[in-house]
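Sequence lines set the chain letters: A, B, ... in the order given, protein chains first and strands last, and positions in each chain run from 1. We use all heavy atoms of the structure for the numbers below, so side chains are in, but hydrogens, waters and symmetry mates are not. On a predicted model such as this, the values are computed, not experimentally measured, just so you know.
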Protein chains: 2
Amino acid sequence: MSIKMLSTNTVGEKLRNLREEQKLPLRKVAALLDIDVAILSKMERGERKITKEIVLKLANIYKYNADELLVSFLSDKILYEIQDEALGIEALKLAEERVKYMKGGDGE
Amino acid sequence: MSIKMLSTNTVGEKLRNLREEQKLPLRKVAALLDIDVAILSKMERGERKITKEIVLKLANIYKYNADELLVSFLSDKILYEIQDEALGIEALKLAEERVKYMKGGDGE
DNA sequence: ATCTTAATTGACATAAAGTGTCAAAAATAA
DNA sequence: TTATTTTTGACACTTTATGTCAATTAAGAT
């Protein structure tokens with residue numbers, strides 16, 4: 001991953017909105033995360049991969065629902081995989097079935 | 001990707017089954033694909049990434065439904081992304097909504 | 001059992017993708 | 001304008017992926 005093109009509502013956008021709502025400059029948040037401002041800037045805009053760890057830390061910093069951000073984060077990664085694929089939806093449905101199956105039977 | 005652990009019915013397994021049903025040795029199929037036997041062997045067992053291109057070529061070689069294999073291939077990639085994630089199913093559902101939304105609106 | 005073919009494994013070199021750091025340029029606010 | 005924030009790109013470095021090959025292991029035939 002790392003490039004964007006995931007239409008709207010990426011985790012990056014959500015995280016940027018949260019930060020702006022709280023009037024926090026990249027500088028401060030990056031300091032809290034102990035990463036470079038440039039990286040945080042790129043993460044928010046989808047130019048760099050966001051990690052699960054960063055998402056969780058930001059949920060904590062912004063006092064925002066971590067699960068919602070995680071789901072958004074994961075769905076970004078999923079959407080990235082099926083970009084431009086005509087069979088994307090079928091693949092999603094099959095993946096869903098397989099996940100449920102794994103949980104049900106003595107999975108894996 | 002590249003490592004396995006995707007439970008059953010990976011594309012790799014399907015491709016191996018197809019090859020064995022037709023009694024074709026790796027050697028011959030690899031030759032048709034113009035790749036090394038070792039690579040094909042690893043692809044079938046999920047040790048190496050399979051590419052969309054290879055999947056399509058194999059569908060053709062085995063005279064098997066290409067879409068089914070592609071969906072299997074894509075769902076492998078999806079499942080890989082949400083491995084061990086408690087919120088995997090939620091992420092899949094959100095991804096599905098987002099795909100539909102993209103197709104509907106003047107999605108980008 | 002041997003002989004033969006098929007399949008797997010691991011080492012290696014190379015290529016590609018991702019990462020962190022920094023400074024300069026661009027945008028925004030005061 | 002000046003000050004601050006944000007974006008951009010270059011760079012060195014690391015990690016991951018890829019292709020090639022040889023050696024090992026497994027399977028089948030006789």
Side-chain angles (χ1 to χ4, degrees), chain A residues 1-6 8 10-58 61-62 73-74 76-85, chain B residues 1-6 8 10-58 61-62 73-74 76-84 108:
Chain A
M1 241 249 266
S2 74
I3 325 166
K4 54 177 179 206
M5 287 269 163
L6 292 170
T8 39
T10 61
V11 231
E13 292 176 47
K14 284 192 176 186
L15 292 172
R16 166 147 300 191
N17 288 337
L18 286 170
R19 183 175 60 78
E20 289 177 341
E21 279 169 17
Q22 308 194 15
K23 302 261 188 293
L24 290 168
L26 285 174
R27 177 177 51 77
K28 286 191 181 178
V29 178
L32 290 171
L33 294 171
D34 196 33
I35 64 175
D36 194 291
V37 243
I39 294 180
L40 184 55
S41 168
K42 286 169 183 168
M43 283 179 170
E44 285 184 348
R45 285 171 305 108
E47 268 190 39
R48 287 264 177 143
K49 275 188 186 172
I50 302 184
T51 64
K52 187 178 175 183
E53 194 193 355
I54 294 285
V55 171
L56 293 176
K57 283 184 183 172
L58 288 175
I61 290 172
Y62 301 142
F73 164 70
L74 291 172
D76 275 5
K77 299 211 291 181
I78 293 169
L79 284 187
Y80 182 80
E81 293 299 330
I82 60 175
Q83 279 291 343
D84 313 315
E85 290 291 345
Chain B
M1 245 250 267
S2 74
I3 325 168
K4 55 179 178 197
M5 287 271 162
L6 292 170
T8 39
T10 61
V11 231
E13 292 175 47
K14 285 191 176 186
L15 292 172
R16 165 148 301 192
N17 288 336
L18 286 169
R19 182 175 59 80
E20 290 178 340
E21 279 169 18
Q22 309 194 13
K23 302 264 189 292
L24 291 167
L26 285 174
R27 176 177 51 77
K28 286 191 181 176
V29 178
L32 290 171
L33 294 171
D34 196 32
I35 63 175
D36 194 289
V37 242
I39 294 180
L40 184 56
S41 168
K42 286 170 184 168
M43 283 178 171
E44 286 184 347
R45 286 171 303 108
E47 267 190 41
R48 285 264 177 142
K49 277 188 186 172
I50 302 182
T51 65
K52 186 179 175 181
E53 195 193 355
I54 294 285
V55 171
L56 293 176
K57 283 184 182 171
L58 289 176
I61 291 172
Y62 301 143
F73 164 72
L74 291 172
D76 276 5
K77 299 210 292 181
I78 292 168
L79 284 187
Y80 182 79
E81 292 299 331
I82 60 175
Q83 279 292 341
D84 313 316
E108 184 257 342

ask   = Taking the side chain of B:P25 as heavy atoms from C-beta outward, which of C:dA6, D:dT7, D:dT8 is closest to it?
value = C:dA6
query = Choosing from D:dG9, C:dT9, C:dG18, which nucleotide comes nearest the side chain of B:E47?
reply = C:dT9
query = Nearest 0.5 Å, what's the OG1-CE distance between B:T10 and B:M43?
reply =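 CE of B:M43 is found 13.0 Å from OG1 of B:T10.
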key: Straight-line distance of B:L32 CG to B:L40 CG, nearest 0.5 Å   = 10.0 Å
Under 4.0 Å: is that the gap between some side-chain N or O of [X] and OP1 or OP2 of [N]?
{"X": "A:S41", "N": "D:dT6", "value": "no"}
{"X": "B:R48", "N": "D:dT16", "value": "no"}
{"X": "A:R45", "N": "D:dT8", "value": "yes"}

Contacts of type salt bridge (charged side-chain N to carboxylate O under 4.0 Å, His left out), residue B:K14, not counting sequence neighbours =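 Partners of B:K14 under the salt bridge (charged side-chain N to carboxylate O under 4.0 Å, His left out) test: B:E68.
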message = Holding to salt bridge (charged side-chain N to carboxylate O under 4.0 Å, His left out), I want the full list of residues that pass it with B:E53, two or more places apart in sequence or in another chain.
response =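 In terms of salt bridge (charged side-chain N to carboxylate O under 4.0 Å, His left out), with neighbours along the sequence ignored, B:E53 is linked to B:K57.
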When the distance from [atom1] of [X] to [atom2] of [N] is rounded to whole Å, what number comes out?
{"X": "B:K49", "N": "C:dA16", "atom1": "NZ", "atom2": "C1'", "result": "10 Å"}
{"X": "A:L40", "N": "C:dG20", "atom1": "CG", "atom2": "C1'", "result": "14 Å"}
{"X": "B:E20", "N": "C:dA6", "atom1": "CD", "atom2": "C1'", "result": "11 Å"}
{"X": "B:L26", "N": "D:dA27", "atom1": "CG", "atom2": "C1'", "result": "13 Å"}
{"X": "B:K42", "N": "D:dA22", "atom1": "NZ", "atom2": "P", "result": "14 Å"}
{"X": "B:Y80", "N": "D:dT16", "atom1": "OH", "atom2": "C1'", "result": "10 Å"}
{"X": "A:E53", "N": "C:dT19", "atom1": "CD", "atom2": "C1'", "result": "14 Å"}
{"X": "B:K23", "N": "D:dG28", "atom1": "NZ", "atom2": "C1'", "result": "13 Å"}

With heavy-atom distances below 4.5 Å as the criterion, would you say the side chains of [X] and [Y] are in contact?
{"X": "A:L15", "Y": "A:I54", "answer": "no"}
{"X": "B:L26", "Y": "B:R19", "answer": "yes"}
{"X": "B:E21", "Y": "B:L18", "answer": "yes"}

ask   = Near DNA chain C, under 4.0 Å by heavy atom, which residues of residues 27-39 of chain A?
value =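 Under 4.0 Å from DNA chain C: A:D36, A:A38, A:I39.
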